[in-house]
Number of protein chains: 2
Amino acid sequence: MVRKSATGRIGIADVAVKAGVSHATVSRVMNGNYTVDPDIAARVRAAAAELKYQPNPVGRSLALGKTDTIGIVVPDLANPTFQAILRGLSRAAAQDGYRVLIADSFEVSSEEAILAGEARRRCDGLVLCAPRMTDAELEEIAPSLHPLVLINRITAAAGIPSLVVDYGQGVQDIAEHLVELGHTRLAFLAGPPRSASNGLRLQGLESFKAAHPHVEVTMLEGGSDFDTGHEAVDAVLECGATGILAFNDLVAMGLMSGLHERGIDVPGDISVTGFDDIPFAKYTTPALTTAAVPITELGEQAWQQLRALIRKEASDAPGSRYQPRLEVRSSSGPARAARTAVHG
Amino acid sequence: MVRKSATGRIGIADVAVKAGVSHATVSRVMNGNYTVDPDIAARVRAAAAELKYQPNPVGRSLALGKTDTIGIVVPDLANPTFQAILRGLSRAAAQDGYRVLIADSFEVSSEEAILAGEARRRCDGLVLCAPRMTDAELEEIAPSLHPLVLINRITAAAGIPSLVVDYGQGVQDIAEHLVELGHTRLAFLAGPPRSASNGLRLQGLESFKAAHPHVEVTMLEGGSDFDTGHEAVDAVLECGATGILAFNDLVAMGLMSGLHERGIDVPGDISVTGFDDIPFAKYTTPALTTAAVPITELGEQAWQQLRALIRKEASDAPGSRYQPRLEVRSSSGPARAARTAVHG
DNA sequence: GCTAATCGAGAAAACGCTTTCTCGCCGGTG
DNA sequence: CACCGGCGAGAAAGCGTTTTCTCGATTAGC
């Protein structure tokens, strides 16, 4: 008797029958429309409770034209940075009754555009982290993704807020810090070549070099994970630098681990710095000097911006810029007298 | 002309008009129904391409009764364990064209049931991680959540696969390992009191104690994060144990960090072990001895099980049990001659 | 006491799609 | 030549809601 038509689930129609009213009235009651007679409303509520009726969100979404869901596209869910953004975003959105749908592109940037489009259509808005996508492609798809907020990317397309971390400034701060400690030979263990944030770091280093012509800065190829750092030990030792700026904390940790295995003392022989200040950074030995990025906050801000867009409020700020804060710990120390390159 | 009715988005009707056919035919073409004349199909495809038509997933979901989305409820997205499960789940599900919706309960177990219900209704299935929920409540809501797969919980409700890690066995393996190294005074830095997996560890320790009556095992209150471990330093030193089994890797790392600050040598003075083998475990100094749980694989398996349920295939295995693998690294070592308790 | 205004609830349309049902038209066969 | 079968496409129903529209009934005002 209670079991309903096709889907077998209890629908608004069942409640209507049970309460002896039309399903329109049930809908009114469920949505707190007060043009309903209190007696009837009570009857409907009783029927709904008894049947444990819960409105079908898909039906609601279709009628309302909104899903109360937002999407986030990330290149790699294994990366602590994106985990943190997701966390901040999810928390903030949940507070406003929104859920988040995740779309992991697994670093294949060719899929990002399609993935973003698909995710967007299921949601009321989208947060896009696509560090490897070309500017051209980004600009092309951005308008169709609106409401959209970008993380660590900017685009010429109008009305798209961007939340960017000033990686260039951060890397300069770190380099300055190392110079103050007496280092004159630095090396930058770069991130993925096509990474946008890596580009910003490189720009920052150019500025730094211009301001410090006497400091030697070697560029080393790298990546964004532990293993990259670990494998870079040889290259690092070979270049003779005493202050290493790793692309991020993960790389720095891998590098420190490799140096440790080689018996190289950090920071006695070589100073190592990271970037991001992931939760684990202060628990490494030695604790990692890094540039702290308020990344969870970034996720929260992303929601604020997105919410404004969804509600069509005039977004007061079209985006914001986050300054990393230098976090000096014990993986960086005074430079020793000039070292000679260690081979093999 | 192209702009459509209410939503302003391009719908199936626009394509139909443009191609000069009925919207039913457009639908047939889009879904690869081959009872359509090739000429007409081509015309429809051309129109769809020109209009950049993309079917509205909400409409599809309503008609099809499925969303191609699954949900996952986690108690804390900041916890590496759940991040790993999410990652594995997301990856596996993506391969089959499913997306995942996340619901973070932020450790408030009273919300978990409602949250799970809401998430479930938006999705085709649910993965539930609810370590703090009572058995009674779990059993009550489980049937209404079907298709459902449980992580690290089992329930009497029928047809609900469970993926559980044998924490009891894992903790015994670790304890055995420490005993073999000569430790006779152990301490267990417990997890959250109401945590199900903590209960399993305690059971394992009971078995261990029964088998090793001569080994002293002190129970210490704890939690599940870094800070818990860090704050437990005093209690650990006070109890005089030389082998510490931390609830998980996070707690172990916090503890090691605290011991390091106190100048206590690990493993020289005290051996510390973790649990989980999170990615960072092998990069701590000293590298952490722990019990490795194939947690990403657990997420993947969760999808396999869930998929079987969604497709109504007879799930060959109603669930599975995962054996942790002891991962001996350098945070555990031979016991020193009996230590005396250190006070203050 | 009758008309007009108001309020409350049912009927129906709309949201965007899939799918069954139906029908027209074609060719083939008796 | 007429009838039947089959195929292909349009009409329409259905998925589960919300919301507008409409209408009946009740009340107030003159």
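These numbers come from the heavy atoms of this one structure, side chains and all, not from hydrogens, waters or symmetry mates. Labels below follow one simple rule: chain letters A, B, ... track the order of the sequence lines, proteins then strands, and each chain is numbered from 1. Since this is a predicted model, take the numbers as computed values, not measurements.
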Check the distance between [N]'s [atom2] and [X]'s [atom1] and give it to me in whole angstrom.
X      : N      : atom1 : atom2 : value
B:H23  : D:dG14 : NE2   : P     : 14 Å
A:R121 : C:dC15 : CZ    : C1'   : 17 Å
A:I12  : D:dT18 : CD1   : C1'   : 8 Å
B:Q54  : C:dG16 : CD    : C1'   : 14 Å
A:K66  : D:dT17 : NZ    : C1'   : 13 Å
B:R60  : D:dG16 : CZ    : C1'   : 18 Å
B:L64  : D:dG16 : CG    : C1'   : 15 Å
B:L62  : D:dC15 : CG    : C1'   : 4 Å

Quiz item: Which part of the nucleic acid does A:V21 contact within heavy-atom distance under 4.0 Å: base, sugar-phosphate only, or nothing?
Solution: sugar-phosphate

Practice problem: Scan A:V74, A:V127, A:T296, A:V100 and name whichever one has a side chain to side chain contact (heavy atoms under 4.5 Å, CB included) with A:L86. | Solution: A:V100

Self-check item: Qualifying ring pair (Phe, Tyr, Trp, His ring centres under 6.0 Å) pairs with a residue from residues 85-128 of chain B, counting only residues at least two apart or across chains
Solution: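 Every ring pair (Phe, Tyr, Trp, His ring centres under 6.0 Å) pair that includes a residue of residues 85-128 of chain B, provided the two are not neighbours, is B:Y98-B:W303.
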
Practice problem: May I have all residue pairs that pass ring pair (Phe, Tyr, Trp, His ring centres under 6.0 Å) and include part of residues 123-153 of chain B, sequence neighbours excluded? | Solution: none

Hey, could you give me the [atom1]/[atom2] distance between [X] and [Y], rounded to the nearest 0.5 Å?
X      : Y      : atom1 : atom2 : result
A:Q83  : A:I295 : CD    : CD1   : 11.5 Å
A:M133 : A:E111 : CE    : CD    : 10.5 Å
A:L77  : A:D104 : CG    : CG    : 5.0 Å

Quiz prompt | Residues within residues 29-36 of chain A bordering DNA chain C, heavy-atom distance below 4.0 Å | solution =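 Heavy-atom contacts with DNA chain C come from A:T35, A:V36.
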
Could you check which of [options] has an atom nearest any side-chain atom of [X]?
X     : options                : value
B:I40 : D:dT18, C:dT18, D:dA9  : D:dA9
A:D37 : D:dT18, D:dC15, C:dA9  : C:dA9
B:N56 : D:dA11, C:dG16, D:dT18 : C:dG16
B:A63 : C:dT19, D:dC15, C:dG10 : D:dC15

Quiz prompt | Smallest separation among heavy atoms of A:K18 and A:A47, with atom names | solution =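 Heavy-atom minimum between the residues: CG-CB, 3.7 Å.
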
Exercise. Kindly give the heavy-atom pair with the smallest separation between B:A93 and B:I70, and that separation in Å.
Key: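 In terms of heavy atoms, the two residues are closest at CB-CD1, 4.0 Å.
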
Practice problem: Mind checking side-chain hydrogen bond (donor to acceptor under 3.5 Å, both in side chains) for B:D124 and listing every partner two or more places apart, or none if nothing turns up? | Solution: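 Once residues adjacent in sequence are excluded, the partners of B:D124 under the side-chain hydrogen bond (donor to acceptor under 3.5 Å, both in side chains) criterion are B:T67.
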
Do any side-chain nitrogens or oxygens of [X] fall under 4.0 Å of OP1 or OP2 in [N]?
X     : N      : answer
A:T25 : C:dA9  : no
A:Y53 : D:dG16 : no
B:R28 : C:dT18 : no

Quiz prompt | Global bending angle along the helix from C:dG1-D:dC30 to C:dG30-D:dC1, which compares the axes of five pairs at either end, to 10 degrees | solution = 70°

Self-check item: Pairs where residues 67-88 of chain A contributes a residue and the test salt bridge (charged side-chain N to carboxylate O under 4.0 Å, His left out) is met, not counting sequence neighbours
Solution: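 Only A:K66-A:D68 qualify under salt bridge (charged side-chain N to carboxylate O under 4.0 Å, His left out).
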
